[in-house]
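As structure tokens, the structure follows; a few thoughts come after it.
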2 protein chains.
Amino acid sequence: MKPLQKPTSRTAARAENERLILEAAEAVFAEHGFKGATTGQIADRAGIPKANLHYYFPTKESLYRQVVENIFQIWLDAANTFDDCDDPEVALTSYINAKMDISRRHPMGSKVWANEILHKAPVIQDYLETTLDEWTESRIAVIERWIREGRMAPVDPRTLLYMIWATTQHYADFNHQIETLNAGKPLSDEQFETAKKTVVGIILAGVGIHPGGKGAGA
Amino acid sequence: MKPLQKPTSRTAARAENERLILEAAEAVFAEHGFKGATTGQIADRAGIPKANLHYYFPTKESLYRQVVENIFQIWLDAANTFDDCDDPEVALTSYINAKMDISRRHPMGSKVWANEILHKAPVIQDYLETTLDEWTESRIAVIERWIREGRMAPVDPRTLLYMIWATTQHYADFNHQIETLNAGKPLSDEQFETAKKTVVGIILAGVGIHPGGKGAGA
DNA sequence: TGAAGACTTGACCAATCGGTCAAGATGAGA
DNA sequence: TCTCATCTTGACCGATTGGTCAAGTCTTCA
């Protein structure tokens, strides 16, 4: 039998340190942007000396890249919920709910992503051009088919997707503004549920899907 | 008769220089954020030495503050179109169109704003708490009245406003992503018109307003 | 026309920050 | 236990950057 590793074995300690650093980095990059964040801040937040951070991640950029790649993975997971079902009502509902939940649970990741796009995606441009572009085009095709089949109103599919992205991510990226307009307090679970239902309701009605009824209006 | 000022009189030159600097600053702050922007970059873009920039704007922060205040003024101008008419269809349509047009014509301003909120509004927090909060609350009251009067479906007014903000500003803030997903090219005027019409259409239908018909659906 | 204030600008400075390094601490395998 | 690779860390360095300064130049106006 292999000797049991102590909880602080070499590999476990390395994994734990990398996790601590990445967690701290996501928070600091989200709040201050790539340029605004300092490796010293990140190291402090992770509870290790700066030199040690540079032992695990040689450059600030390599650390940032890792953070962004992790975020893109979360985004892709949510994207898959779009294909849960071929019914537009179910697909749109579950996709919007998944994206809203991400904004609630991973607000910092969304902020890092927003920062990256605002600054012209110096790190993730290749993802945008490949994975994201392919995902978008194929889902546009699905929406166009739903429209042809009369299962939803003839709206521009691209604009519909952008509306969903914009609105759901707004709850993460503009969270500070939302809190300020909510008497300085975070949205309660009830308020957030109301927001989710309202967004789903407006989008579905907006594309002519009326739950309870069937098919699309004019 | 007052002596005609030469085109480069003292006051005119000052005004022109301040304009050049503010224009350059908006662009550089939009692309690199507050921390990422350097006063040297801004001065270069304005075509003046860095020391001269600091003659007009003593600190980087005072320059940034001025840029943000100008942007907020544009935002307020658009906000007024909400009150053009007491009819929800007209009000929502003209407000969405105004905000879409701002995203098209002032994308950099919107990006600076987004950056500011993303970083917890260190400079404009007071605007959020006063002017923005008052505007929002009063428009929520208007929407609630429209709902009571049966002129639109009973949706959460706050969420509706956030959807409009998020979607319209998305066309500025995420312009880079939108271009990338448009074969790397900026949206044509036709494409942008389609986007505007689609957003207006989805929102109006989403809140139960059907142009041509009258009043709200269930 | 000449004095006074407004504006311009190259050179410079202090602070910050990403990253290095060398010396030591620690754990794994023989 | 001994050895070696891995990990830790305080001190340090060069580059960048916000901001200053002093020595000019240009406008205005009496």
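Below, all heavy atoms of this structure are taken into account, side chains as well, without hydrogens, waters or symmetry copies. By convention in this document, chain letters (A, B, ...) are assigned in the order of the sequence lines, proteins followed by strands, and residues within each chain are numbered from 1.
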It should be established whether [X] places a side-chain nitrogen or oxygen under 4.0 Å from OP1 or OP2 of nucleotide [N].
| X | N | answer |
| --- | --- | --- |
| B:Y55 | C:dC7 | yes |
| B:N52 | C:dG10 | no |
| B:R14 | C:dC7 | yes |

Starting from [atom2] on [N], measure out to [atom1] on [X] and report it in whole angstrom.
| X | N | atom1 | atom2 | answer |
| --- | --- | --- | --- | --- |
| A:I21 | D:dT9 | CD1 | C1' | 14 Å |
| A:Q41 | C:dC17 | CD | P | 8 Å |
| A:E16 | D:dC7 | CD | C1' | 15 Å |
| A:D44 | C:dT16 | CG | P | 14 Å |
| A:L53 | C:dG18 | CG | P | 10 Å |

Could you measure the distance from the CG atom of B:L187 to the CG atom of B:L181? Nearest 0.5 Å is fine.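 Reported to 0.5 Å precision, the distance equals 10.0 Å.
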Roughly how far, to the nearest 0.5 Å, is the CG atom of A:D44 from the OG1 atom of A:T39?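 Those atoms lie 9.5 Å apart.
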Determine, using ring centers only, whether A:Y95 and A:W135 are less than 6.0 Å apart.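 Close enough - the centres of the two rings lie under 6.0 Å apart.
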Check for me whether the distance between the ring centres of A:W165 and A:W113 falls short of 6.0 Å.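 Not under 6.0 Å, so no.
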Please check if atom CD in A:E16 has more than 12 non-hydrogen atoms from other residues, nucleotides or ligands closer than 6.0 Å.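 Yes.
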Counting only heavy atoms not in A:E144, do more than 12 sit closer than 6.0 Å to its CD atom?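 Counting other residues, nucleotides and ligands, CD of A:E144 exceeds 12 neighbours.
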So which protein nitrogen or oxygen atoms get under 3.5 Å of nucleotides 11-18 of chain D's nitrogens or oxygens?
| residue | atom | partner | partner atom | Å |
| --- | --- | --- | --- | --- |
| D:dG18 | OP1 | B:A37 | O | 3.1 |
| D:dG18 | OP1 | B:K60 | NZ | 3.1 |
| D:dG18 | OP2 | B:T39 | N | 2.9 |
| D:dG18 | OP2 | B:T39 | OG1 | 2.9 |
| D:dG18 | N7 | B:K50 | NZ | 3.0 |

With heavy atoms under 4.0 Å as the rule, sort A:Y56 into base, sugar-phosphate or nothing.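 Contact class for A:Y56: sugar-phosphate only.
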